[in-house]
Enquirer: 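This structure is in structure tokens; I'll ask about it shortly.
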Amino acid sequence: MEFEINGKKYQLEFGMKFIRKMDEVYFIDKEGAKFGMGIESAVTYMAMQNPTVLFEIIKAGTSHLKSKPSNEDIENEIEKYAIEGKLEDLFIKFEQALGEAPFLKHKIKDFKEKARVLPE
């Protein structure tokens with residue numbers, strides 16, 4: 001997925017490195033054992049349209065690059081979408097890109113299906 005930040009285009013990748021980076025941010029610590037919940041948390045936060053997840057997805061998606069966007073540039077770009085009233089469109093764009101990524105599409109689909117059948 002290509003995404004422009006501060007006038008520069010970045011190629012975001014949603015592979016193994018992306019998953020590892022997301023698991024570093026979102027995890028469960030159970031008696032000292034850490035369980036990565038990066039993708040599951042991202043899907044949940046995307047559904048809630050929590051803009052902080054966009055930041056984390058962009059950070060993890062650009063982690064493979066030698067020249068990465070700064071945190072401030074990422075935040076400013078997301079804020080620009082919000083000011084322009086296009087934040088919902090951005091969520092849709094990222095949700096589609098994540099859902100098409102080879103390492104993620106089956107996991108995301110499975111997680112969404114299981115989330116729908118959780119007991120009340």
Side-chain angles (χ1 to χ4, degrees):
M1 170 184 180
E2 191 172 84
F3 188 67
E4 189 172 316
I5 301 171
N6 199 24
K8 183 176 179 186
K9 293 182 181 180
Y10 293 91
Q11 186 63 40
L12 279 64
E13 291 186 2
F14 305 124
M16 290 295 292
K17 189 168 188 175
F18 171 81
I19 294 168
R20 283 195 313 273
K21 291 293 183 183
M22 293 299 287
D23 283 349
E24 289 174 11
V25 175
Y26 302 111
F27 61 88
I28 294 174
D29 188 335
K30 182 73 173 165
E31 299 176 16
K34 289 186 178 181
F35 300 95
M37 296 292 293
I39 304 309
E40 295 83 358
S41 297
V43 170
T44 302
Y45 288 138
M46 292 284 286
M48 296 176 359
Q49 293 196 352
N50 181 332
T52 60
V53 76
L54 296 173
F55 174 87
E56 298 301 343
I57 289 169
I58 294 167
K59 285 293 288 183
T62 57
S63 63
H64 68 284
L65 299 172
K66 289 182 181 179
S67 176
K68 300 168 186 53
S70 71
N71 291 347
E72 184 176 356
D73 284 345
I74 295 170
E75 289 173 358
N76 289 341
E77 193 67 31
I78 295 168
E79 187 174 315
K80 184 174 86 175
Y81 275 85
I83 290 168
E84 294 173 356
K86 297 179 181 178
L87 196 54
E88 186 174 354
D89 294 338
L90 189 58
F91 277 103
I92 291 167
K93 181 178 180 177
F94 274 93
E95 188 174 342
Q96 288 173 339
L98 292 171
E100 294 170 359
F103 278 106
L104 304 177
K105 62 182 165 186
H106 297 294
K107 183 173 184 68
I108 290 172
K109 181 181 178 215
D110 186 53
F111 179 74
K112 284 182 175 182
E113 287 173 0
K114 287 179 180 172
R116 276 186 239 137
V117 296
L118 292 176
E120 295 182 18

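Scope of the values below: all heavy atoms of this structure, side chains included, with no hydrogens, waters or symmetry mates. Along the sequence shown, residues carry numbers from 1.
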Enquirer: Are there over 12 heavy-atom neighbours, none belonging to Lys68, within less than 6.0 Å of that residue's NZ?
Expert: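 More than 12 within 6.0 Å, yes.
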
Enquirer: Using the rule that two of Ile, Leu, Val, Met, Phe, Trp, Tyr join whenever any of their side-chain heavy atoms come within less than 4.5 Å, decide whether Met22 and Met1 are in one cluster.
Expert: yes

Enquirer: Any side-chain heavy atom of Asn50 sitting closer than 4.5 Å to one from Thr44?
Expert: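 A side-chain contact is absent here, since even the closest heavy-atom pair is not under 4.5 Å.
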
Enquirer: Report the distance from atom CG of Asn6 to atom OG of Ser70, rounding to the nearest 0.5 Å.
Expert: 7.5 Å

Enquirer: Please report the interatomic distance OG1(Thr52) to CD(Glu75), rounded to the nearest 0.5 Å.
Expert: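 Answer for the OG1-CD pair, Thr52 versus Glu75, is 10.5 Å.
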
Enquirer: Distance-only criterion, 3.5 Å: show the donor-acceptor pairs between side-chain atoms of residues 78-103 and protein atoms not counting sequence neighbours.
Expert:
| residue | atom | partner | partner atom | Å |
| --- | --- | --- | --- | --- |
| Lys80 | NZ | Glu77 | OE2 | 3.0 |
| Glu95 | OE2 | Lys112 | NZ | 2.7 |

Enquirer: For Pro69 and Thr62, which heavy atoms make the closest approach, and how far apart are they?
Expert: CD-OG1, 3.8 Å

Enquirer: Given side chains that start at C-beta, do those of Asp73 and Lys8 come closer than 4.5 Å, heavy atoms only?
Expert: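 In short, these two side chains do not touch, never coming nearer than 4.5 Å.
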
Enquirer: With heavy-atom distances below 4.5 Å as the criterion, would you say the side chains of Tyr10 and Ile58 are in contact?
Expert: no

Enquirer: Hey, are the side chains of Glu13 and Phe18 touching, using non-hydrogen atoms and a 4.5 Å cut-off?
Expert: no

Enquirer: Kindly work out whether a path of hydrophobic side-chain contacts (I/L/V/M/F/W/Y, heavy atoms less than 4.5 Å apart) joins Met37 to Phe111.
Expert: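 Met37 and Phe111: separate clusters.
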
Enquirer: Is it possible for you to say whether Leu65 and Phe55 belong to one hydrophobic cluster, with membership spreading through side-chain heavy-atom contacts below 4.5 Å?
Expert: yes

Enquirer: Would you check if the side chain of Lys17 reaches a backbone N or O of Ser63 as a donor-acceptor pair within less than 3.5 Å?
Expert: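 The answer is yes, because a donor-acceptor pair under 3.5 Å joins these two groups.
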
Enquirer: I'd like to know if the side chain of His64 and the backbone of Gln11 have a donor-acceptor N/O pair within less than 3.5 Å.
Expert: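 Looks like yes, one N/O pair under 3.5 Å.
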
Enquirer: Any carboxylate oxygen within less than 4.0 angstrom of a Lys/Arg side-chain nitrogen, looking at Lys107 and Glu40?
Expert: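 Answer for the salt bridge query: yes.
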
Enquirer: Is there a path of hydrophobic side-chain contacts, each under 4.5 Å between heavy atoms, that joins Phe27 and Phe35?
Expert: no

Enquirer: Please identify each residue that fulfils ring pair (Phe, Tyr, Trp, His ring centres under 6.0 Å) with Tyr45, with sequence neighbours left out.
Expert: Tyr26

Enquirer: Do the side chains of Ile108 and Met16 join up, straight or via other hydrophobic residues, at under 4.5 Å, putting them in one cluster?
Expert: yes

Enquirer: Quick one: do Lys59 and Ile74 satisfy side-chain contact (heavy atoms from CB on, under 4.5 Å)? Show the steps, please.
Expert: CA-CA 8 Å; Lys59 285 293 288 183; Ile74 295 170; 3.4 Å; yes

Enquirer: Okay, side chain of Asn76, backbone of Glu72: is any donor-acceptor separation there less than 3.5 Å?
Expert: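 Flag set: sc Asn76 to bb Glu72 pair under 3.5 Å.
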
Enquirer: Report yes or no: does Asp23 contribute a side-chain atom to a donor-acceptor pair with the main-chain N or O of Gly38 at less than 3.5 Å?
Expert: yes

